[in-house]
Amino acid sequence: MLQIKSELQEILKNAVAQVVAEEHLPAELTERPITLEVPKLPEHGDFATTFALAAAKQARRNPRELAQKILDRLPVGQGVLKGAELAGPGFINLRLSDACLADGLRRALDAGDAWGRGAPVPGRINLEFVSANPTGPMHVGHGRGAAVGDALARILRFAGREVVTEYYVNDAGRQVSHLAASIWSRYVDLCREQDPSLAAVPFPEDGYHGGYVVDFARAFLARHGLAPARAGYDAALVKAFGVELALAEIRATLDQFNVHFDVFTSEATLHDAGAVTRAMELLRERGLSYEQDGALFFAATRFGDEKDRVMIRANGEPTYFAADIAYHLDKFARGFDQLMDIWGADHHGYIARVKCALEAFGYRQDQLGVLLVQFVALVNQGEKLAMGKRSGNFVTLQDLIDTVSCDVTRWFFLAKTHDVAVDFDLEVATSADPRENPARYVQYGHARACAIWRRAAAWGLTPADLAGARFAKLTAPEEQAIVRMLLSYPELVSDAAASFTPHRLATFALDLCRAFHSYYTRFKDDPILPRAGAALADREKTIDRLGLVEAYRTVLRSCLNLLGINAPETMTAPEEE
RNA sequence: GGGCGUAUAGCUCAGUUGGAUAGAGCGUCAGCCUCCGGAGCUGAAGGCCACAGGUUCGAAUCCUGUUACGCCCA
């Protein structure tokens, strides 16, 4: 479709040039870009241009008159252009030849799984997401970030971008210290069951109350025995143990969620390598930091932030912000020219200061993009599930995957724009019925296409028989509408990549399935496809239709792949009630 | 008090970056299919695109203000 589009633009450009020359219109008109759009109504053609409307003023002609002059010089009936007409206040509607659609379908089939893949784009992009603190299991909000980030990475890669996905492990700050203290307290409790002479350690005020902490303590006891309890609290030992265990659980869950990172970067490592200190020093040398009340501030207001930000607290402890500066510099040092972070919506106040810090080091603020993902609320039987954070009273991503499956969870997180809060309806999500659950509906769309091929085998037809097909018999409007959708797929991918909106793939997949199911139901008696006991009446037509089915199946599978959702070949029917 | 986000059909949401008569699903109503060729299909009703201005040939979309909700900061 992109090719066709540029071909049409070329045709229009020539016509405009002719009009300008013959009518002595301002030469700048030929410089105007000619935008093509797909009209909402099929009666308005395959494409429409508003060029005449936009250029009327510059041309000092009224829009309809200008449009008519362009229209008169279009080579209608030649090549891709079947028809063109003037409409409304000055639209030019363009209709493609049937051969054009058929050729497009041919190209899509020839491309196979590569249909929609973009040409390589120069530059490397770093995509950081999830980055949940290694202090316990991930909650459902992390899951949404994981789904969005992972799908985005897949889409960007498919669109031709070079992407590295990264998880930043906050293994150095207060939170992991609180975790270690919590584990220690629980661990000593366990030890006292065996050796009552040991003194109890009170549970820390800022501790983690989740039951998993006791499991961690048990694991610590299993590995180290009672010796550490007798030797006294070794914070570094317990912290390292806790982080390792928490991270292992997180990674196991991400694995089941079909999310795999290229790089894990440790905050502690940045500190140990002196990267944080070095960044602070550079800021000091440039006069962009100052001390006040014993704390070290970054002069963020000089770069447009609303206030200066603390990097090192009065007690000498660096803030997460200080480490984040070093971390983002580290990413640039590794050769990325574009950074993209995906954060929870509650972190929005953090964006300005990080961008300002990067500017202080000579980068442009727009080299860091931040995608804010809004919250997820779980809904069951029409009631929202309450979720406390520190209390340990939250639903984990692991629980969600276990109860509604990876595929459905991903679908629910990806089907809506990331900047809208989502109500995750467990009743809908747990339904296996495609009529109730959109995720299952789309998967069924793929399984059905596979079923059609299984039946086609009864007539001895396989995908190999599509080789020489010309698709001249796909003349029904329903068929052509589906072909148009399939041909628009490459552009959709590139748009979704450019605007960082993975949900558009989900919307498209759903629309495509509906169009196909509708078509299938209408034409199955025609017959669209082989059925038991029937003879092959029109081999050419059947092959043409199978070509449509195959291209549909390929595009749908591609969509699902980009969303990280399985495209099953069969599905077991849900129980009828 | 300042900031970010959101506001579209009864409900859940799309809306191709400013185009023509506003789009789906669910629900409602009226039909079709009774099929292992399965897990659906065709229609109808339903809208002041939160409100008020502005920008222009043209606004759900852009700019300003107001209101409501969610979140962050103080």
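In the text below, chain A, chain B and the rest are named by the order of the sequence lines, each starting its count at 1. Note that the structure is predicted; figures quoted are calculated from it, not measured.
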Hey, does A/Ser499 reach any base, or is it just sugar-phosphate, or nothing, if we go heavy atoms under 4.0 Å?
base

Using salt bridge (charged side-chain N to carboxylate O under 4.0 Å, His left out) as the criterion, point out the one residue from A/Arg504, A/Lys5, A/Arg484 that pairs with A/Glu491.
A/Lys5

By nearest atom, which of the nucleotides B/A20, B/A14, B/C71 is closest to the A/Lys416 side chain?
B/A14

Using a 4.0 Å heavy-atom cut-off, does A/Tyr441 contact any base of the nucleic acid, only the sugar-phosphate backbone, or nothing at all?
sugar-phosphate

Name the nucleic acid region contacted by A/His517, choosing base, sugar-phosphate or nothing; use a 4.0 angstrom heavy-atom cut-off, strictly under.
sugar-phosphate

Along RNA chain B (nearest heavy atom to each residue), the more 5'-positioned of A/Ala421 and A/Arg455:
A/Ala421

Identify which nucleotide among B/C57, B/A39, B/G2 has an atom closest to any side-chain atom of A/Leu53, counting heavy atoms from C-beta outward.
B/C57

Taking B/C71, B/G19, B/A24 as options, the one with an atom nearest any side-chain atom of A/Glu37 is B/G19

Could you work out the separation of B/U34 and B/A39 based on their C1' atoms and round it to a whole Å?
14 Å

Among B/G5, B/A39, B/A20, find the nucleotide with the atom closest to the side chain of A/Gln374.
B/G5

If you measure from the C1' atom in B/U16 to the same atom in B/C71, how many Å do you get, rounded?
30 Å

Between B/A74, B/A20, B/A39, which nucleotide gets closest to the side-chain atoms of A/Asp433?
B/A39

Output the single nucleotide from B/C71, B/A24, B/A20 whose closest atom is nearest the side chain of A/Asp346.
B/C71

Candidate nucleotides B/C72, B/G19, B/U56, ranked by approach to the side chain of A/Lys57 - the nearest:
B/U56

What's the closest nucleotide to the A/Thr507 side chain, out of B/A14, B/C57, B/U17?
B/A14

Base orientation of B/U17, chi within 90° of 0 counted as syn, else anti, reads syn

No-H, no-angle donor-acceptor pair, A/Asn437 side chain to B/A39 base, under 3.5 Å
no

Quick check on B/G15: is either OP1 or OP2 less than 4.0 Å from any side-chain nitrogen or oxygen of A/His503?
yes

With a 4.5 Å limit on heavy-atom distance, are the side chains of A/Phe298 and A/Phe303 in contact?
yes

List the steps, then state whether ring-ring contact (aromatic ring centres under 6.0 Å, His included) holds for A/His418 with A/Phe500.
CA-CA 10 Å; A/His418 55 78; A/Phe500 300 99; 9.0 Å; no

Is the shortest side-chain N/O distance from A/Thr50 to OP1 or OP2 of B/G18 below 4.0 Å?
no

Determine whether more than 12 heavy atoms belonging to other residues, nucleotides or ligands lie under 6.0 Å from atom NZ of A/Lys13.
no

Out of B/G15, B/A20, B/C71, minimum distance to the side chain of A/Arg504 belongs to B/G15

Determine the interatomic distance between C1' on B/A52 and the same-named atom on B/A68; round to the nearest Å.
15 Å

Need the pair for B/G31. Rule: Watson-Crick or G-U wobble, both distances under 3.5 Å, any strand; none if unpaired.
B/C41

Using the P atom in both, what is the distance from B/U8 to B/G15, to the nearest Å?
14 Å

Do the side-chain N or O atoms of A/Ser518 get closer than 4.0 angstrom to the phosphate oxygens (OP1, OP2) of B/U42?
yes

Within the structure shown, what part of the strands sits under 4.0 Å from A/Ala352 by heavy-atom distance: base, sugar-phosphate, or nothing?
nothing

If pairing requires Watson-Crick or G-U wobble contacts with both distances under 3.5 Å, which nucleotide is the partner of B/G1?
B/C73

A/Leu372 side chain: which of B/C57, B/A20, B/C4 is closest?
B/C4

Taking 5.5 Å and 30° as the limits, would you call A/Phe91 and the base of B/A20 a stacked pair?
yes

Pairing partner of B/U16 (Watson-Crick or G-U wobble, both distances under 3.5 Å):
none

Does A/His348 make a side-chain donor-acceptor contact with the base of B/G3, cut-off 3.5 Å?
yes

